[in-house]
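Within every chain, numbering begins at 1; the chains are lettered A, B, ... in the order of the sequence lines, protein sequences first and strands thereafter. The figures here come from the full heavy-atom set of this structure, side chains too, leaving out hydrogens, waters and symmetry mates.
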Amino acid sequence: MRKMSIRVRFAPSPTGVLHIGSVRTALFNWLFARHCGGKFLLRIEDTDKVRSTSQNTQLIFEILEWLGIDWDEEPVIQSARIERHKEVAESLVSAGMAYRCYCSADELAAKKEKALAAGESYKYDGACRDVDSTAVVDRPFVIRLKTRREGAVTVADLVQGNVTVDNSQLDDFVLLRSDGTPTYMLSVVVDDHDMGVTHIIRGDDHLTNTFKQVQIYEACKWPVPRFAHIPLIYGPDGAKLSKRHGAASAVDYRELGYLPETISNYLLRLGWSHGDDEIISIADAIKWFTLESVGKSPARFDMKKLQNLNAHYIKQRENESLLNYMIPFLERSVNTDAKQRILRGMDGLKERAKTIVDLAKGAMIYVEAPTQYDEECAKYATESHLELLRSVAEIITALGDTPPPPQPTESELMEGDTERRSGVYKEVHEHSSTGSTQQETDYGELGRGGRATEDQISYAIKSLAVERGVKLVEIAQAMRAALCGKLVSPSVFQIIEVLGAHESVARISTFINRPLS
RNA sequence: GUCUCCUUCGUCUAGGGGUCUAGGACACCGCCCUCUCACGGCGGCAACACGGGUUCAAAUCCCGUAGGAGACGCCA
């Protein structure tokens, strides 16, 4: 296979929002082109003028760009090529390969009904096949292909293998409608030929169409391209993936908070694999992608796996990038201070989020004080809890305003405390634990602006728990309720570090003094 | 109905005659970690649709059966 000449295309129709299955088709085409060093072209099949919208067309471009799928030449707009399509249809008539059919819609409907009633499959009977094409008849007509009736056509499909269909299965299908517009069958063939497409990679719902199209290529005496029909994506129930499965459009997934790298990785693994690899970068995908390794069996869409992948890619992303990405998802617009807080709390936030929507929700604790408290919070509003919170507030205030207490030694720390930390926390911790010989300088850095570090806060609160003889969880959950209005959040110590003493104490006071419970 | 395609754990898949008492991932269950929830670590459950061949040997090759899907438009 000579690599330099390969040309593929993605040819969506803007009659609806871009389906996630179409996105996969685009991805496979793109990957194939990039792998082979060929060209990836775009064609908008907007010949159905009633259902096509320019908004849908825009969305196609937008989603492809979002996913990093770039195309090589000016996109072809199919509706601009109608004259060319007609021309080909007419030339086929002149060449005796096609003919004018004057059967009315009513006549055909009647024949179809009759066939159905008799339990037979309907095929156009070719009534006008031998009508003299030079005769001028003043009736509306369509142009039909004079299909070959004998023999069979075998397509050496790059994914499906050899597929043979008997020509007797085909009828003389329509190339040009009575209103003079081309049908899909005609326009794809003409456009693919004119665009120099060498490999047609598309959903396998087109497999049977292929045999009709091959006949058009042959009638035109054009070279037949290679085909690769990839299996469709199904919903969890095994039926074609659609709206009722939750989300079928690529735009939906973007709005649900999935990252583009998640979508392309997930879609790639649906029906294609490279050994045991699950997390695959675009670069590796381009390096590894071949049509031979595309599976033939249909795959079901698994939301859980998508989520898991998304969680992975969220953890991978840089905090700044995540912040920018999540801003449109935030419930309200945020100022620079809030952004800074979110950024500082991002490590704790992102390891808990499966989607950007989750992330944005979780980030609200750094945007504003709780506007309401979850029902379960009442459990931590007992007098004994409130009493503990008063002490907590004092400790936080003290930590925030004065130099923190001496650093704990390794043995003083509860076991496990020095282990298992990640991200920023770990770095901070390492700083503070090396601080035994250089406490002054560390305070100067870590306590900047009178702000205590997560570690210092953690130590102080843990000490309080020991002192009062209560379990840490009792204090921590009460703090969480007061700080977040809910019982699930990142580390409360980290939250306090990010919010600062003033805001933290304010939230705790609000909780203590609120009328309820 | 006709034609075409598909069939390994619940799901995505590895596997191209012996290395398969079938591997990985997600999900699920358990344990560890733990300030909640997650993350992470460790472990567990779980599949070659069925029936015939071919072969010394079949998840792997062939043929049936069953099940699933797609296509049968003057839609794309």
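- Across the strands present, B:U65 finds its partner in B:A49; the criterion is a Watson-Crick or G-U wobble pair with both atom distances under 3.5 angstrom.
- Taking both residues in full, the closest heavy atoms of A:I475 and A:V392 are given as CG2-CG2, 3.7 Å, listed atom of the first, atom of the second, then distance.
- Comparing B:C26, B:U36, B:U4 against the side chain of A:N308 picks out B:C26 as the nearest.
- The 5' end of RNA chain B is approached more closely, in terms of each residue's nearest nucleotide, by A:L207 than by the other of A:V488 and A:L207.
- For A:V163, the side-chain atoms get nearest to B:C5 when compared with the rest of B:C5, B:G70, B:C35.
- A:L487 comes within contact range of at least one nucleobase, with a heavy-atom separation under 4.0 Å.
- Pair assignment for B:C26: B:G10, on the basis of Watson-Crick or G-U wobble contacts that are both within less than 3.5 Å.
- Atom NZ of A:K123 is separated from atom P of B:C3 by 10 Å (rounded to the nearest Å).
- Mapping A:Q160 and A:V473 onto RNA chain B by nearest heavy atom places A:Q160 at the nucleotide closer to the 5' end.
- Between A:L232 and A:G203, the closest heavy-atom pair is CD1-CA, 3.9 Å.
- Rounded to whole Å, atom P of B:G70 lies 22 Å from atom CZ of A:F227.
- Across all strands shown, the partner of B:G40 is B:C32, judged by Watson-Crick or G-U wobble contacts whose two distances both fall under 3.5 Å.
- Within the nucleic acid shown, A:V174 comes within 4.0 Å of sugar-phosphate atoms alone, with no base atom in reach, counting heavy atoms only.
- Qualifying side chain to side chain donor-acceptor pair (under 3.5 Å) partners for A:S297, counting only residues two or more places apart in sequence or in other chains: none.
- Using a 4.0 Å cut-off between charged side-chain N and carboxylate O, A:E45 and A:R43 make a salt bridge.
- Electrostatic pairing of A:K123 and A:D172 does not count as a salt bridge here, judged by no charged N lying under 4.0 Å from a carboxylate O.
- In this structure, A:V142 reaches the bases: a heavy-atom distance under 4.0 Å links it to at least one base atom across the strands shown.
- In summary, A:E376 and A:K379 do not engage in a salt bridge, as defined by a charged side-chain N under 4.0 Å from a carboxylate O.
- Counting only heavy atoms from C-beta on, A:E454 has its side chain closest to B:C35 among B:C35, B:C74, B:C3.
- Qualifying salt bridge (Lys or Arg N to Asp or Glu O under 4.0 Å) partners for A:D166, counting only residues two or more places apart in sequence or in other chains: none.
- Between B:A22 and B:A59, the two C1' atoms lie 8 Å apart (nearest whole Å).
- In this structure, A:L359 places its CG atom 20 Å from P of B:C37, rounding to the nearest Å.
- Proximity of A:K296 to the phosphate of B:C6: a side-chain N or O atom is located under 4.0 Å from OP1 or OP2.
- With A:Y266 as the partner, the ring-ring contact (aromatic ring centres under 6.0 Å, His included) test is satisfied by one option alone out of A:F301, A:Y253, A:W272, A:Y313: A:F301.
- Taking atom C1' on both B:A14 and B:C20, the two are 12 Å apart, rounded to the nearest angstrom.
- Within 4.0 Å of A:N209, counting heavy atoms only, lies at least one base atom of the nucleic acid.
- For B:A71, the paired base is B:U2 (Watson-Crick or G-U wobble, both distances below 3.5 Å).
- Ionic pairing of A:K305 and A:E278 is present here: one or more N-O contacts between side-chain nitrogen and carboxylate oxygen are shorter than 4.0 angstrom.
- Between A:K304 atom NZ and B:A38 atom P there is a gap of 12 Å when expressed in whole angstrom units.
- Contacts classified as salt bridge (charged side-chain N to carboxylate O under 4.0 Å, His left out) and involving residues 474-492 of chain A (residues at least two apart or in different chains) are not found.
- Rounded to whole angstrom, the span from the CD1 atom of A:I461 across to the P atom of B:U36 amounts to 15 Å.
- Among the heavy atoms of the strands, none lies under 4.0 Å from A:K471.
- Looking at A:R352, its side chain has no donor and acceptor atom pair within 3.5 Å of the base of B:C39.
- Residue contacts for A:P231: at a heavy-atom cut-off of 4.0 Å it reaches no nucleic acid atom on any strand shown.
- No engagement by A:H229 is indicated, since no non-hydrogen atom pair under 4.0 Å with the nucleic acid exists.
- Of the residues in residues 178-188 of chain A, A:S178, A:T183, A:Y184, A:M185 come within less than 4.0 Å of RNA chain B through at least one heavy atom, sorted by number.
- The nearest whole Å value for the distance from the CG atom in A:N310 to the P atom in B:A27 is 13 Å.
- Between the C1' atoms of B:C35 and B:G44, the separation comes to 29 Å (whole Å).
- Using a 4.0 Å cut-off between charged nitrogen and carboxylate oxygen, A:K361 and A:D358 do not count as a salt-bridge pair.
- For the C1' atom pair drawn from B:G24 and B:A66, the interatomic distance equals 30 Å after rounding to whole Å.
- Comparing the P positions of B:C26 and B:U21 gives a spacing of 25 Å, expressed to the nearest Å.
- Under the Watson-Crick or G-U wobble criterion, with both distances below 3.5 Å, B:C56 is paired with B:G18.
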Base versus backbone protein contacts along nucleotides 10-17 of chain B [heavy-atom cut-off under 4.0 Å; B, S, -]: -SBSS---
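- Taking atom C1' in both B:C56 and B:G15, the straight-line distance is 23 Å, to the nearest Å.
- Taking atom CG of residue A:N265 and atom P of nucleotide B:C26, one finds them 13 Å apart after rounding to whole Å.
- Partners of A:F10 by ring pair (Phe, Tyr, Trp, His ring centres under 6.0 Å), not counting sequence neighbours: none found.
- Residue-level contact check: A:C103 touches the bases, meaning some heavy atom is under 4.0 Å from a base atom.
- Following rounding to the nearest Å, A:K49 (NZ) and B:A76 (P) show an atom-to-atom distance of 12 Å.
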